Asker: 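The structure under discussion is supplied below as structure tokens; questions concerning it will follow.
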2 protein chains.
Amino acid sequence: MSDSNRIAVTASLLGDPARANMLAALMDGRALTAKELAYAAHVTPQTASGHLGKLADGGLLAAEKQGRHRYYRLASPLIGQMLEGVMAVAGPESPRSTAWRGGEALRTARTCYDHLAGRLGVALADALSARGHVTLGTDGGEVTEQGARFLDGFGASPAPGRRVFCRPCLDWSERRPHLAGRVGAALACRCFALGWIARQRDTRAVAITTAGRQGFQQTFGFAIGD
Amino acid sequence: MSDSNRIAVTASLLGDPARANMLAALMDGRALTAKELAYAAHVTPQTASGHLGKLADGGLLAAEKQGRHRYYRLASPLIGQMLEGVMAVAGPESPRSTAWRGGEALRTARTCYDHLAGRLGVALADALSARGHVTLGTDGGEVTEQGARFLDGFGASPAPGRRVFCRPCLDWSERRPHLAGRVGAALACRCFALGWIARQRDTRAVAITTAGRQGFQQTFGFAIGD
DNA sequence: CGTTCACTTCGGCGCCGGCCGAAGCATGGT
DNA sequence: ACCATGCTTCGGCCGGCGCCGAAGTGAACG
């Protein structure tokens, strides 16, 4: 089988709306049951079962059985990255048709596998860059020395000691980069731990709490949230 | 239309073998005619015409008419990046079934949109890293000062003056990173210009010339090619 | 132990999309 | 002007795949 046939096989796994719905639901890094994924995909459990089997056989999902429950998660960060790449190309809807449910919340703040995206994610990247905590270029970026001290103090130290590079991830709703990689993941983890943001049921839109609005304003200098 | 339906629509464009073949053929950054793409995809011109229309309508290809010839190319580097991401997940064939035609040449050296991939691409990244010309981490890397001087001297200066970050791209055949981004593109461009590598007709496998074997050995310290 | 729930498998149906032959239009060459 | 070539469109065919009802297996609960 040629390499482009392998592309076709992998891509066709994403190319069904039900399966795409499932993968998107798993993009917040959590594991969900087959039943929850069936609900997310708007199909019956039997249909979902077939789809999940294909995704697992194709190496995109990892399955774990707990009693009668079957939990699925994305098989690796690489799958998350691939989905990000497809999303970046698929892009947002045209501004004229943004009336679909939940869209605004996703645009405000959401998880993108293990890091934050949407306006919140981009605002974090912008603030860190503007304050000289990270230096960002076209192909990448790096945490500065003062940035490392800042992140240490904030409780989001990405790695001890060594140089810490940043992986920009083109945000599909903002069309500008947010921070992926270890830095992005550490920031997200810390913000959840502080209670500034909270996961919601049935969506990977992330809620910004009152504490979060204050925290982002005082610590990073931007206003976000209702 | 929800974001995951947009994923499905975009992915399904890649999910057909004929279309995947065409996109793969265009991954070396060249523009090809509809006829050439039909040949690459092993379908008739009329079938190819329908597929190309879909890829162009979907924003994946850009079309340009020259007389009776219709040239298509990938619409943007972002498309190349997306395809890289799918290829990284699709991965190589299992070692037991590598007998397909042209596979070894692709693994040795090929273009990955605008930069070099395969063993050659990975060897370049390794050599630059080992010699201290670039520093590479998990999420990215940067050209060092001595590295910038080296690249200047080599004729592959990626950008004047400013800090130059590197974008690692997981090589699907080697499962380790080669260099994408501006640095990778500048290296590839220079190696073509030096005649160390040459494009081949009907494949994005890149031929390593005799001059190239000597040049890579003397300048970068690795042996590659027949 | 019986009931409920989660999940999987089977079988049948219908839709969709890729395929190509045929035909038509446009361009290039002699 | 005629012929060859590149490309597109149309129509029909067929295979593949997602869908769900029905049924079965296994786990959890009272």
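Letters A, B, ... mirror the listed sequences (proteins, then strands); counts begin at 1. Reckoned from all heavy atoms, side chains included, excluding hydrogens, waters and symmetry mates. Owing to the predicted nature of the structure, the values given are computational and were not obtained by experimental measurement.
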Asker: Of all the choices, dC20(C), dC20(D), dT27(C), which nucleotide is nearest to the side chain of Thr44(A) once you look at every atom?
Answerer: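 Looking only at heavy atoms from C-beta outward on Thr44(A), the closest nucleotide is dC20(D).
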Asker: Establish, with yes or no, whether the OP1 or OP2 oxygen of dC19(C) is under 4.0 angstrom from a side-chain nitrogen or oxygen of His51(B).
Answerer: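 The answer is yes; a side-chain N or O of His51(B) sits under 4.0 Å from OP1 or OP2.
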Asker: Is Asp126(B) salt-bridged to Arg176(B), cutoff N-O under 4.0 Å?
Answerer: yes
Asker: Classify the nucleic acid contact of Lys65(B) as base, sugar-phosphate or nothing, counting any heavy atom under 4.0 Å across all strands shown.
Answerer: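 No contact at all - Lys65(B) keeps every heavy atom at 4.0 Å or more from the nucleic acid.
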Asker: By nearest nucleotide on DNA chain D, pick out whichever of Gly67(A) and Ala48(A) is the more 5' one.
Answerer: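 Taking each residue's closest nucleotide, the earlier one in sequence belongs to Ala48(A).
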Asker: Would a 4.5 Å heavy-atom cut-off, applied to side chains only, mark Asp171(B) and Arg175(B) as touching?
Answerer: no
Asker: Classify the nucleic acid contact of Tyr71(A) as base, sugar-phosphate or nothing, counting any heavy atom under 4.0 Å across all strands shown.
Answerer: nothing
Asker: Of all the choices, dA6(C), dT8(D), dT9(C), which nucleotide is nearest to the side chain of Ser49(A) once you look at every atom?
Answerer: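 Out of dA6(C), dT8(D), dT9(C), the nucleotide with an atom closest to Ser49(A)'s side chain is dT9(C).
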Asker: Taking atom types as modelled, find out whether Arg110(A) and Ser173(A) have a side-chain donor-acceptor pair closer than 3.5 angstrom.
Answerer: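 Per modelled atom types, Arg110(A) and Ser173(A) side chains form a pair under 3.5 Å.
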Asker: When the distance from CD of Gln46(B) to P of dG17(C) is rounded to whole Å, what number comes out?
Answerer: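 Those two atoms, CD and P, are 19 Å apart.
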Asker: Name the closest nucleotide to the Lys35(A) side chain, picking from dG17(C), dA6(C), dC19(D).
Answerer: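 Of the options given, the side chain of Lys35(A) lies nearest dA6(C).
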Asker: Nearest-nucleotide wise, let me know which of Gly50(B) and His69(A) is further upstream toward the 5' end of DNA chain D.
Answerer: Gly50(B)
